[in-house]
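A short write-up of the structure that comes next.
Note that these values count all heavy atoms, side chains included, but never hydrogens, waters or copies made by symmetry.
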Amino acid sequence: MIQGMRHNYIEEVKQIREAISISRYRAAKLANGETLRLYYSVGKFISLNTRNAQWGSGALKSISNQLQQEMPGLKGFSEGNMRKMRLFYEAWQPVFEPQTENIFGIVPVAEHIELIDFRSQAANIIRSQPANELQDTGSKVIIKRSALPNEMNEAKCSTLPNELDEELLRSFLSVGFDSHMRIIAAIQTLDERIFYVERCAREFWGRENLKNALHNDLYHQQGSMPNNFAWTIPDEKQRQVAMRTFKEDNVLNFLTIENPDLVDEHNVEAQIVKNVKNFMMSLGGEFAFMGEQYRIIVNGKERKLDLLFYHRRMRCLVAIELKGGEFQPEYAGKLNYYLSALDSLVKLPEENPSIGILLCRDKDNTEVEFTLRDMSKPMGVATYHSTNELPELYRNALPSVEDLKKLI
């Protein structure tokens, strides 16, 4: 055996494995983007030819069957899926083609694939054409663009976005078609749809994460938590992210609460730690877990934080204190102390000031407002509950666990 020859190559294998994973991820993103481009273009082709009855009622079924015959094994082009493609186009057309007036008719789909290239600004899609009109020779159809806002020297009346910046465009193209359709089916407004698309991409939401976010109406809950961020977070960017990140009420699907009237916060903490990934996703992602019962030693005295996280975009520590009952003003004083200790003893010089969240079962917003008004550290107060809890009306109508035990 050659001197120094190794029997295993752990580090080399690791590097190659990482390279393969990165390559596969990039290929998947590119493939997903091409799929969305194709589906949007086909959706436009279908929309142009069905919305004014150019095609008969059975056209999509007939086209789907013929495609299957001519391209055996073709997936994604069932009659139902082609209807989804039409919805996909019609949902996003105001963003990608905001100034296009469609005079419906029969236009070759290839023209639409070439036209819709999802450039970073929707107006560029139209401007990139050599003329103001695209006309299919031999057909009646003209796709004509009207004057753009800057050409009319006036702003659009709608506040809806008419362009996607480069980062948001990448997000759009990285979200799967099924997720896009779930968002379109559940959400009617463009700004809300963009919100969910962005979160799907940034936080790698799967089906269940997206389903929960839509069910919990995450869009309208963002930034609703009572807090003092406006005057305790000097950095504008961090403040805006903090405002959007934390929800007022948190539904923890994994949480089991046997007696809603007497919650054991230590048991809640144990369940959160056990399901820490789900918990971080419920908070909105971008969190890293640093530990439970996190030890802070001040002048020889040991203190313990319930949960400590790090938020990547805000670049700061996030301390969460769990409470099994209603918010009490004294809780904020203790959390303020913990945040001072974290900033002095744990926070790195380049990081932003720590943020604290009191997670309680219930709260009085007026009490919270008075309590946080003069606190020097950034903090907010939110509530939590589980999906298995019965409303109080039904809870009182049922026998308690102890009564049931006696009956048994």
Side-chain angles (χ1 to χ4, degrees), residues 202-203 222-248 250 265-266 268-270 272-273 276-277 279-325 327-360 363 365 367-384:
R202 193 173 71 227
E203 297 166 20
Q222 59 166 342
S224 60
M225 179 191 69
N227 61 77
N228 63 357
F229 299 158
W231 59 90
T232 57
I233 301 180
D235 182 79
E236 173 68 20
K237 186 175 180 180
Q238 186 197 14
R239 181 166 63 251
Q240 291 300 323
V241 175
M243 290 283 201
R244 294 194 302 266
T245 296
F246 302 104
K247 304 190 296 289
E248 182 170 13
N250 297 267
E265 58 196 53
H266 297 295
V268 171
E269 180 183 324
I272 287 176
V273 172
V276 69
K277 181 179 178 181
F279 180 67
M280 288 190 291
M281 292 305 294
S282 75
L283 293 176
E286 297 191 283
F287 284 87
F289 182 49
M290 296 190 65
E292 81 275 15
Q293 293 299 303
Y294 192 89
R295 295 170 69 246
I296 304 175
I297 299 175
V298 179
N299 199 27
K301 294 180 182 178
E302 182 183 83
R303 307 287 183 183
K304 290 184 179 179
L305 266 169
D306 287 343
L307 299 164
L308 185 63
F309 296 88
Y310 183 83
H311 194 277
R312 292 178 59 213
R313 273 214 300 164
M314 290 191 290
R315 293 173 53 247
C316 72
L317 298 165
V318 177
I320 295 181
E321 281 289 284
L322 290 166
K323 300 300 175 184
F327 167 80
Q328 301 297 326
E330 54 266 29
Y331 296 159
K334 186 177 181 181
L335 183 56
N336 198 76
Y337 170 84
Y338 284 154
L339 294 174
S340 293
L342 284 173
D343 286 344
S344 297
L345 305 173
V346 182
K347 181 181 83 70
L348 298 176
E350 65 272 16
E351 292 174 346
N352 289 314
S354 305
I355 291 175
I357 305 295
L358 283 165
L359 207 51
C360 305
K363 61 180 172 54
N365 281 351
E367 245 191 349
V368 171
E369 181 188 342
F370 274 91
T371 302
L372 299 185
R373 185 177 294 175
D374 295 319
M375 287 291 167
S376 61
K377 294 296 181 180
M379 64 180 73
V381 180
T383 56
Y384 67 93

Polar side-chain atom of [X] near backbone of [Y] as donor-acceptor pair, under 3.5 Å:
X: Thr383; Y: Asn250; result: no
X: Asp343; Y: Pro353; result: no
X: Asn352; Y: Cys316; result: no

- Query: Got a sec: does the CZ of Arg373 have more than 12 other heavy atoms crowding it under 6.0 Å?
  - Reply: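 Check passes, neighbour count above 12.
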
Nearest 0.5 Å, what's the [atom1]-[atom2] distance between [X] and [Y]?
X: Lys247; Y: Tyr384; atom1: NZ; atom2: OH; answer: 15.0 Å
X: Ile320; Y: Ile272; atom1: CD1; atom2: CD1; answer: 7.5 Å
X: Phe246; Y: His311; atom1: CZ; atom2: NE2; answer: 6.5 Å
X: Asp374; Y: Trp231; atom1: CG; atom2: CH2; answer: 8.5 Å
X: Phe279; Y: Leu359; atom1: CZ; atom2: CG; answer: 5.5 Å

- Query: Listed by chain and number, what are the salt bridge (Lys or Arg N to Asp or Glu O under 4.0 Å) partners of Arg312, not counting sequence neighbours?
  - Reply: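 Listed in chain order: nothing, the list is empty.
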
- In chain order, what residues pass the salt bridge (Lys or Arg N to Asp or Glu O under 4.0 Å) check against Arg313, with sequence neighbours excluded?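 Salt bridge (Lys or Arg N to Asp or Glu O under 4.0 Å) check on Arg313 returns Glu286.
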
side-chain contact (heavy atoms from CB on, under 4.5 Å) partners for [X], two or more places apart:
X: Phe289; answer: Val273, Val276, Met280, Glu292, Leu307, Phe309
X: Lys237; answer: Asp235
X: Asp306; answer: Glu269, Gln293, Glu321, Leu322

Taking the side chain as every heavy atom from C-beta outward, state whether [X] and [Y] have any atom pair closer than 4.5 Å.
X: Val318; Y: Leu308; value: no
X: Glu350; Y: Arg315; value: yes
X: Glu351; Y: Leu348; value: yes

List, one per line, each side-chain donor-acceptor pair under 3.5 Å for residues 330-341, sequence neighbours excluded.
| unit_1 | atom_1 | unit_2 | atom_2 | d |
| --- | --- | --- | --- | --- |
| Asn336 | OD1 | Lys377 | N | 3.1 |
| Tyr338 | OH | Lys304 | O | 3.4 |
| Ser340 | OG | Asn336 | O | 3.2 |

- Yes or no on side-chain contact (heavy atoms from CB on, under 4.5 Å) for Phe229 and Val241, after CA distance, side-chain angles and deciding distance? CA-CA 10 Å; Phe229 299 158; Val241 175; over 6 Å; no

For the student: nearest non-hydrogen atoms of [X] and [Y], plus distance:
X: Met225; Y: Val381; result: CG-O, 3.1 Å
X: Thr232; Y: Ser376; result: CG2-O, 3.8 Å
X: Ala242; Y: Ile233; result: CB-CD1, 4.0 Å
X: Glu248; Y: Asn365; result: OE2-ND2, 3.3 Å
X: Lys363; Y: Ala382; result: CE-CA, 4.4 Å
X: Leu342; Y: Ala319; result: CD1-CB, 3.9 Å

- Message: Run the side-chain contact (heavy atoms from CB on, under 4.5 Å) test on Lys301 and Val298 for me, step by step, so that the C-alpha distance in whole Å, both residues' side-chain angles and the decisive distance to 0.1 Å come before the verdict.
- Response: CA-CA 5 Å; Lys301 294 180 182 178; Val298 179; 5.5 Å; no

- Task: Check the pair Met379, Asn228 against side-chain contact (heavy atoms from CB on, under 4.5 Å), reporting the backbone distance first and the verdict last.
- Result: CA-CA 6 Å; Met379 64 180 73; Asn228 63 357; 4.2 Å; yes

- Message: Looking at Arg295 and Glu302, is there a salt bridge between them, counting it only when a charged N and a carboxylate O are closer than 4.0 Å?
- Response: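 Looking at Glu302 and Arg295, the cut-off is met.
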
- Message: One pair to check against side-chain contact (heavy atoms from CB on, under 4.5 Å): Ile355 and Met314. What are the steps and the verdict?
- Response: CA-CA 10 Å; Ile355 291 175; Met314 290 191 290; 3.9 Å; yes

